[in-house]
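Below: the structure, in structure tokens.
Values in this document were obtained by computation on a predicted structure and should not be read as measured data.
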Amino acid sequence: MKKDETSSAKVDGAFNLSPTMFWVAALMLTTANFIAVLNMTIANVSVPHIAGNLGATASQGTWVITAYAIGEAITVPLTGWFAARFGAVKVFVVSMIMFGLFSIVCGLADSLGLLVVARVFQGFSGGPLMPLSQTLLLRLFPKEKAGVAIGMWSMTTLVAPVLGPIVGGYVCDEYSWPWVFFLNSPIVIICGFFAWKILKDFVEPLIKKPIDVTGLTLLIVWIVCLQLVLDEGKDLDWFSSSKIIILSIISFVCFVSFIIWEFYEEHPIVDLKVFRHRGFTISVLTVSLAFGAYFGANVLTPLWLQTLMGYTGTQAGLAACWTGIAGLMVAPFVAKAATTTDARKLVFVGVLWLGLMTFWRGIANTDMAFIDVMLPLFFMGFGLPFFFIPSMGLSLSSVDKNEVDSAAGLLNFVRTLAGAFATSFVSTAWSNKTIENHADLVAITDSDNSIRISMEHSGMSTDLINQTINSMIDKQSVMLATNQVMITLSVVFLFAAFIIWAAPKPIKVPKGISGH
């Protein structure tokens, strides 16, 4: 076959690879997504170490998390435009290499300012990895095995946020915080090298669209302002702060302007027209709510275990990792079922199960043993593949073939924002509920002074008695707040479960997913 014939044969989206190279390519793509998602949470437990080492406050240290989120949130929705202009494989490989290089810069940073800048560029590089790993996997696998591709990608997306705090906590405890970033480099650079060697001959028609400068500017401004509001709102008491009010107004105005501009722009930087497909819109809404609730529960779990239950970072991670283990156990079966079963049924069952398990987690107490903490987390994992795998397939099968890259980028963008909203909501609600519960418990605890009298008879001083009673109230306040937030998240899950029925019944073979 002549060279130009080979290229044209691959324009339709099929990779002609040997079985060995096929699975190597699949491993490279899933690993890239895993690393990108892992870095959303791996630095969370590292902030105290980083802040202390670089002479910053803990509040300033949170910019390490925010910087990555901002960079990622900007480039994720631009993935479709990048892929159309430069080619999906090229953008993917360049993003991988740049992610590795900026990870090295993060590890070498000797000031908080340099680290924050490096994290922004790390986020820029990591943003396209999530949607492109998804769409390239769908092109790699035959269309009849699209469920397997989505299953592999989905599980890395769900397991990575759970493992992030475990890996970050262990590395910081046993080594030092720079290794949280250094560990990325060899993995992504090797993956990028092999991905290019294996997939470089893939050819697709490029679309040389002009750069939508206005749309890009509006996108950056509203995302940056929104992220600042979510990150600093709690510390500044939200809308009692003029700074938060101003940032919120700017974000809202730029967001509305961005939506209007992109709908009427001839060459939009983000193709919002994919939302005309009802299946895609409903899938995005369901994923946003369910993933937000799942991410929020993941944020709260290590905080609860380490703050109240006396767990170390490693112990908290070991309890949480059972969610991912259970998910991996059933993912292959769900991937197979997704090819023959109405996706809406699978999503409904999965999200409903997640809601019930989260409700179970909302009746916890301070006397729970490790097994009591682990069991609901373990059973929760069985619902994850039922939710994530078919919802991904339903969303991308609802759009036209030439819109898959843009749709994947938008889906991951909205999911990322849902995680940011959930983090802000959980941290704020948990703190506020703890304060409210403390005030309520103070009013009713030891109202007859029987506990105080008993302690006095045992020889305890007044100060020690006050400290002991206050400590008891503090623990129960936090425990109640944890349960209250979990119950709220369970309601969000249940609401999301019923929304999926608004999507049209999917066809068996997803359109827009090409294969061999």
Side-chain angles (χ1 to χ4, degrees), residues 40 44 47 57-78 116-117 119-120 123-124 127 212-265 268-270 272 275 281 284-285 287-289 291-293 295-296 299-300 409-436 481 485 488-489 491-492 495-496:
M40 294 171 64
N44 293 14
V47 167
T57 65
S59 178
Q60 291 172 326
T62 59
W63 279 94
V64 175
I65 301 171
T66 304
Y68 183 83
I70 289 174
E72 188 177 67
I74 290 172
T75 54
V76 166
L78 303 180
V116 168
V117 171
R119 281 285 281 177
V120 169
F124 282 152
D212 176 17
V213 177
T214 301
L216 180 59
T217 302
L218 290 171
L219 174 70
I220 292 174
V221 173
W222 83 259
I223 287 178
V224 170
C225 290
L226 175 62
Q227 189 63 49
L228 290 173
V229 168
L230 294 175
D231 189 60
E232 298 190 15
K234 177 186 172 184
D235 295 332
L236 298 178
D237 197 19
W238 296 104
F239 294 104
S240 62
S241 166
S242 58
K243 179 180 179 180
I244 295 298
I245 293 174
I246 292 172
L247 287 172
S248 299
I249 292 174
I250 295 174
S251 179
F252 178 76
V253 171
C254 289
F255 171 73
V256 173
S257 301
F258 171 77
I259 296 295
I260 296 173
W261 179 269
E262 293 300 277
F263 263 113
Y264 292 99
E265 167 64 20
I269 197 76
V270 178
L272 298 178
F275 283 108
T281 302
V284 168
L285 181 58
V287 168
S288 300
L289 290 172
F291 184 82
F295 200 86
V299 169
L300 182 56
L410 275 172
L411 177 62
N412 283 279
F413 168 65
V414 177
R415 181 174 56 79
T416 300
L417 281 185
F421 274 113
T423 301
S424 180
F425 164 77
V426 165
S427 60
T428 301
W430 195 52
S431 177
N432 290 344
K433 284 295 182 182
T434 298
I435 295 172
E436 292 175 12
V485 173
T488 302
L489 294 177
V491 173
V492 175
F495 181 67

Main-chain N/O of [Y] paired with [X] side-chain donor or acceptor, under 3.5 Å:
| X | Y | value |
| --- | --- | --- |
| Asp212 | Pro268 | no |
| Glu262 | Val270 | yes |
| Ser288 | Ala418 | no |

Minimum-distance pair of heavy atoms, taken over all atoms of [X] and [Y]:
| X | Y | value |
| --- | --- | --- |
| Gly123 | Thr75 | O-OG1, 3.7 Å |
| Leu219 | Pro77 | CD2-CG, 4.2 Å |
| Val492 | Ala293 | CG1-CB, 4.1 Å |

Partner set under side-chain contact (heavy atoms from CB on, under 4.5 Å) for Val117, not counting sequence neighbours: Phe121

How would you list, by chain and number, every residue that makes a side-chain contact (heavy atoms from CB on, under 4.5 Å) with Ser427, sequence neighbours excluded? Lys234

What's the verdict on side-chain contact (heavy atoms from CB on, under 4.5 Å) for Leu226 and Phe421, showing C-alpha distance, side-chain angles and the deciding distance? CA-CA 10 Å; Leu226 175 62; Phe421 274 113; 4.1 Å; yes

Taking atom [atom1] of [X] and atom [atom2] of [Y], what is their separation to the nearest 0.5 Å?
| X | Y | atom1 | atom2 | value |
| --- | --- | --- | --- | --- |
| Ile245 | Ser240 | CD1 | OG | 7.5 Å |
| Trp430 | Ile435 | CH2 | CD1 | 11.5 Å |
| Ile260 | Glu265 | CD1 | CD | 14.0 Å |
| Ile244 | Ser251 | CD1 | OG | 11.0 Å |
| Cys254 | Ile259 | SG | CD1 | 12.0 Å |
| Thr428 | Leu230 | OG1 | CG | 9.0 Å |

Would you call [X] and [Y] a side-chain contact if the rule is heavy atoms closer than 4.5 Å?
| X | Y | value |
| --- | --- | --- |
| Phe252 | Val256 | yes |
| Leu410 | Leu272 | yes |
| Ile223 | Phe255 | no |
| Leu78 | Ile269 | yes |

Going by salt bridge (charged side-chain N to carboxylate O under 4.0 Å, His left out), name the pairs with one or both residues in residues 415-435, residues two or more places apart or in two chains. Lys433-Glu436

For the residue pair Trp222 and Phe258, categorise the inter-ring angle as parallel (less than 30°), tilted (30 to 60°) or perpendicular (more than 60°). tilted

Give the intermediate values and the outcome of side-chain contact (heavy atoms from CB on, under 4.5 Å) for residues Phe495 and Leu289. CA-CA 8 Å; Phe495 181 67; Leu289 290 172; 3.7 Å; yes

